[in-house]
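Each remark here refers to the structure printed beneath this line.
Chain letters run A, B, ... following the sequence lines, proteins first and then strands; every chain starts at 1.
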Amino acid sequence: MTLFVYNSYTGTKEAFEPIKPDTVTMYVCGPTVYNRVHIGNARPVVVFDTLYRVLKTLYSSVIYARNITDIDDKIMAAAKAGGETIAAISSRYATAYFDDMAELNNLPPDIIPYATDHVGEMVAMIQTLIDKGHAYEAESHILFDVKSMSGYGKLAKRSLEDMLAGARVDVADYKKYAGDFVLWKPSTDEEPGWDSPWGRGRPGWHLECSAMIEKHLGNTIDIHGGGIDLQFPHHENELAQSTCAHDGEPFVRYWMHNAYINIDGEKMSKSLGNFRMVKDLLDHYPGEVLRFSILSAHYRSELNFSADALDSAQKTLDNLYGVLRSVETTDVDPVIELSDSKVYKALLDDLNTPIAIREIHALAKAMKSASGETQQRLKSELLKSAALMGILQQDPDEWLMVKAGEGDLSDIEVENQVVEMQQARQQKDYKHADDIRDRLQQRGIILTRDGWKRG
RNA sequence: GGCGCGGUGGCAGAGUGGUCAUGCAGCUGACUGCAACUCAGUUAACGCCGGUUCGAUUCCGACCCGCGCCUCCA
């Protein structure tokens with residue numbers, strides 16, 4: 001089986017082939033930790049987590065690194081505003097980030113490098129770039145000399161001249177060329193800083209990824225992922241730094257970028273208030289609903305988040321879990337060849353998760369009408385292929401009974417009410433029975449053929 | 001101003017030069033004391049205008065609309 005991925009660098013879908021036959025190296029840009037993360041930040045995590053799961057089925061070793069940017073002017077501003085150190089701020093929000101991502105069923109990466117742990121490596125890379133004639137010092141800043149690199153702009157597929165022609169931003173006058181970007185900048189005494197050959201200062205944003213990739217994954221990696229917004233300038237500049245520091249060695253074999261999540265702010269705020277942070281969404285929906293919503297669109301398409309879409313995702317998962325619950329699992333777990341799975345096949349085609357989800361529905365439908373061994377085989381295939389996307393792995397009973405933000409009536413109280421209602425029905429005391437039903441409904445209890453559920 | 005992306009049924013969202021996406025919602029039927037749940041079935045789309053073609057939602061061009069990026073500040 002071959003994985004195909006869309007390579008942003010070449011603009012085409014390509015058969016994936018790692019440098020080493022059995023090992024894949026993947027790096028995904030993580031967050032700058034100065035606040036709770038936005039749902040948009042969750043998309044690359046969910047997308048590349050899915051890719052990570054798929055890669056693990058194909059290669060014996062997959063090394064996945066996702067960084068934490070813990071030095072940045074935004075963090076400095078937040079620290080100053082709150083009277084805290086940047087370490088306190090970044091550590092608090094990094095922990096919150098890990099919690100949020102875990103709620104969305106994301107596997108932890110193998111390596112989580114922190115920028116502040118790699119200042120030495122960054123300084124070394126700057127020195128290399130200076131020595132090789134790709135960087136220069138100006139007014140205590142070290143700048144990357146864009147003109148020293150041929151092919152700059154190739155990842156973003158734009159001409160530098162075009163971009164600069166239309167730029168609306170003032171250019172710092174110490175730059176030799178307007179396109180040059182900062183590798184190192186000076187810190188005042190009050191600002192966080194590290195000693196360097198060029199004085200006390202701090203690194204430019206793009207540098208950390210180059211330095212950490214070099215240290216943990218090598219000069220050339222297989223996959224580099226992140227949001228499309230990072231393509232330029234962040235990834236373009238990473239590419240420039242790393243390539244120039246390594247005398248033109250290839251930096252990344254496959255660049256992958258996910259599109260944005262759009263939020264209809266007005267609509268959202270009407271129904272659910274401030275809705276953009278993952279944490280806030282988790283107050284209204286289980287993490288798996290958010291994950292399912294993210295995966296319901298192809299990662300390279302823009303995705304619309306709305307209360308409608310999330311409610312629909314919730315309903316869809318409820319239905320799928322309901323089907324799973326209706327089919328009891330026997331002791332025998334049939335051996336399933338993933339290679340026969342249409343879900344797997346869809347994922348191998350550049351992570352076509354909408355098709356994969358369609359095939360999950362097809363499996364569920366087939367499973368319902370099947371019986372015996374066939375049914376068990378279908379159930380196993382359904383569960384194993386859904387696991388590739390990190391969904392449908394919970395106990396269906398728990399999923400259907402317990403939902404985020406519910407739970408003021410205990411299970412036993414509900415049971416008692418249901419029994420009382422059934423008795424009233426048998427005695428044809430329909431008024432009493434309907435009263436109980438209405439009361440349960442108001443508390444979010446839905447009666448079903450074989451019992452009840454919260455919803 | 002420069003460069004680029006997108007407009008699919010009520011909503012979300014795939015895909016294809018000529019038979020189905022799929023899900024949620026809706027509708028019809030079964031079940032029910034009536035409902036709900038469940039089950040079976042079903043309606044409905046391809047921004048606008050030209051062109052290519054036997055045939056275009058799918059290819060080409062113009063137009064309209066929406067969106068993104070333009071360099072420490074995703």
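OP1 and OP2 of C67(B) both lie 4.0 Å or more from every side-chain N or O belonging to N262(A). Distances shown here put a side-chain N or O of Y260(A) below 4.0 Å from the OP1 or OP2 atom of C69(B). OP1 or OP2 of G13(B) sits under 4.0 Å from a side-chain N or O of N304(A). Checking the phosphate oxygens (OP1, OP2) of A14(B), a side-chain nitrogen or oxygen of S301(A) falls inside 4.0 Å. Here N352(A) reaches the OP1 or OP2 of G15(B): one of its side-chain N or O atoms lies under 4.0 Å away. Proximity of K175(A) to the phosphate of U71(B): no side-chain N or O atom is located under 4.0 Å from OP1 or OP2.
We find that CG of D229(A) is positioned 12 Å from P of G68(B), with the value rounded to whole Å. Protein atom CD of E359(A) is 13 Å distant from nucleotide atom C1' of G23(B), rounded to whole Å. The distance between atom CD1 of I228(A) and atom P of C70(B), rounded to the nearest whole Å, is 12 Å. The nearest whole Å value for the distance from the NE2 atom in H224(A) to the P atom in A74(B) is 17 Å. Between the P atom of U71(B) and the NZ atom of K185(A) lies a distance of 15 Å, rounded to the nearest Å. Whole-Å rounding puts the Y174(A) OH to U71(B) C1' distance at 12 Å. Between the CZ atom of F305(A) and the P atom of G13(B) there is a distance of 10 Å, rounded to whole Å. Taking atom CZ on R439(A) and atom P on A36(B), their separation rounds to 21 Å, with Å as the unit.
In the model, N41(A) has no side-chain atom that pairs as donor or acceptor with a side-chain atom of Y97(A) under 3.5 Å. E137(A) and H141(A) share no donor-acceptor pair across their side chains, judged by distance under 3.5 Å alone. Between Y64(A) and D49(A), the side chains place no donor N or O within less than 3.5 Å of an acceptor N or O (distance only, hydrogens not considered). Looking at Y152(A) and N237(A), their side chains do bring a donor and an acceptor atom within 3.5 Å of each other. With no hydrogens or angles considered, a side-chain donor-acceptor pair links Y285(A) and D311(A) at under 3.5 Å.
Within 4.0 Å of I360(A), counting heavy atoms only, lies no atom of the nucleic acid at all. Within the 4.0 angstrom heavy-atom criterion, no nucleotide atom of any strand lies near H234(A). Among the protein residues, E302(A) comes within range of the sugar-phosphate backbone only, with heavy atoms under 4.0 Å from sugar or phosphate atoms but none that close to a base. The residue H298(A) sits close only to the backbone: its heavy atoms come under 4.0 Å of sugar-phosphate atoms, none of a base.
E208(A) pairs by the side chain to side chain donor-acceptor pair (under 3.5 Å) definition with N67(A), T69(A), not counting sequence neighbours.
For the C1' atoms, the distance from U57(B) to G13(B) is 15 Å, rounded to whole Å. Separation of the C1' atoms belonging to C37(B) and C46(B) is 35 Å when rounded to the nearest angstrom. One P atom belongs to G26(B), the other to G10(B), and the distance between them is 15 Å to the nearest Å. Between G66(B) and G29(B), the two C1' atoms lie 42 Å apart (nearest whole Å). Of the P atoms belonging to C49(B) and C63(B), the separation is 16 Å, rounded to the nearest Å. Look at the P atom in both A44(B) and U52(B): the space between them is 31 Å, to the nearest Å. G2(B) and A21(B): their C1' atoms are spaced 39 Å apart (whole Å). Only the P atoms considered, G7(B) is 8 Å distant from G47(B), to the nearest whole Å.
In this structure, R300(A) satisfies the cation-pi test against Y6(A), with its NZ or CZ atom closer than 6.0 Å to the six-membered ring centre and inside 45 degrees of the ring normal.
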For this session: Both distances under 3.5 Å, Watson-Crick or G-U wobble: on that basis, could you give the dot-bracket string for RNA chain B, with [ ] for crossing pairs and | for other-strand partners?
Result: (((((((..(((.....[...))).(((((.......)))))....(.(((..]....))).))))))))....
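In this structure, the nucleotide among U38(B), U71(B), A14(B) sitting nearest to the side chain of N319(A) is U38(B). Side-chain atoms of D434(A) lie closest to C34(B) of the nucleotides A12(B), C24(B), C34(B). Distance from the side chain of W205(A) is smallest to A74(B) among A74(B), G33(B), A36(B). Listed candidates were G23(B), G13(B), A14(B). Nearest to the side chain of T316(A) is G23(B). Checking A40(B), C24(B), A14(B) against the side-chain heavy atoms of K368(A) singles out A40(B) as nearest. Of the candidate nucleotides A74(B), G23(B), C69(B), G23(B) has the atom lying nearest to any side-chain atom of H361(A). The side chain of A309(A) lies closest to A12(B), out of C72(B), G41(B), A12(B). Listed candidates were A74(B), G33(B), A36(B). Nearest to the side chain of I446(A) is A36(B). The side chain of L447(A) lies closest to A36(B) when the candidates are C72(B), A12(B), A36(B).
Nucleotides of RNA chain B nearest to I355(A) and K365(A) differ in position, and the one nearer the 5' end is that of I355(A). Of the residues near RNA chain B, F292(A) and L303(A), the one whose nearest nucleotide (by heavy atom distance) lies more toward the 5' end is L303(A).
The shortest side-chain heavy-atom distance between M389(A) and T353(A) falls under the 4.5 Å cut-off.
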Please set out all donor-acceptor pairs under 3.5 angstrom arising from side-chain atoms of residues 419-430 of chain A, sequence neighbours excluded.
residue	atom	partner	partner atom	Å
E420(A)	OE2	H432(A)	NE2	2.9
D429(A)	OD1	H432(A)	N	3.4

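One donor-acceptor pair, N or O on each side, does fall under 3.5 Å between the base of G33(B) and the side chain of R425(A). Evaluation of atom-type donor-acceptor distances gives a pair under 3.5 Å for the side chain of R437(A) against the base of C34(B).
In terms of heavy atoms, E236(A) sits closest to A156(A) at OE1-N, 2.7 Å.
Salt bridge absent: D349(A) and K345(A) never bring a charged side-chain N and a carboxylate O closer than 4.0 Å.
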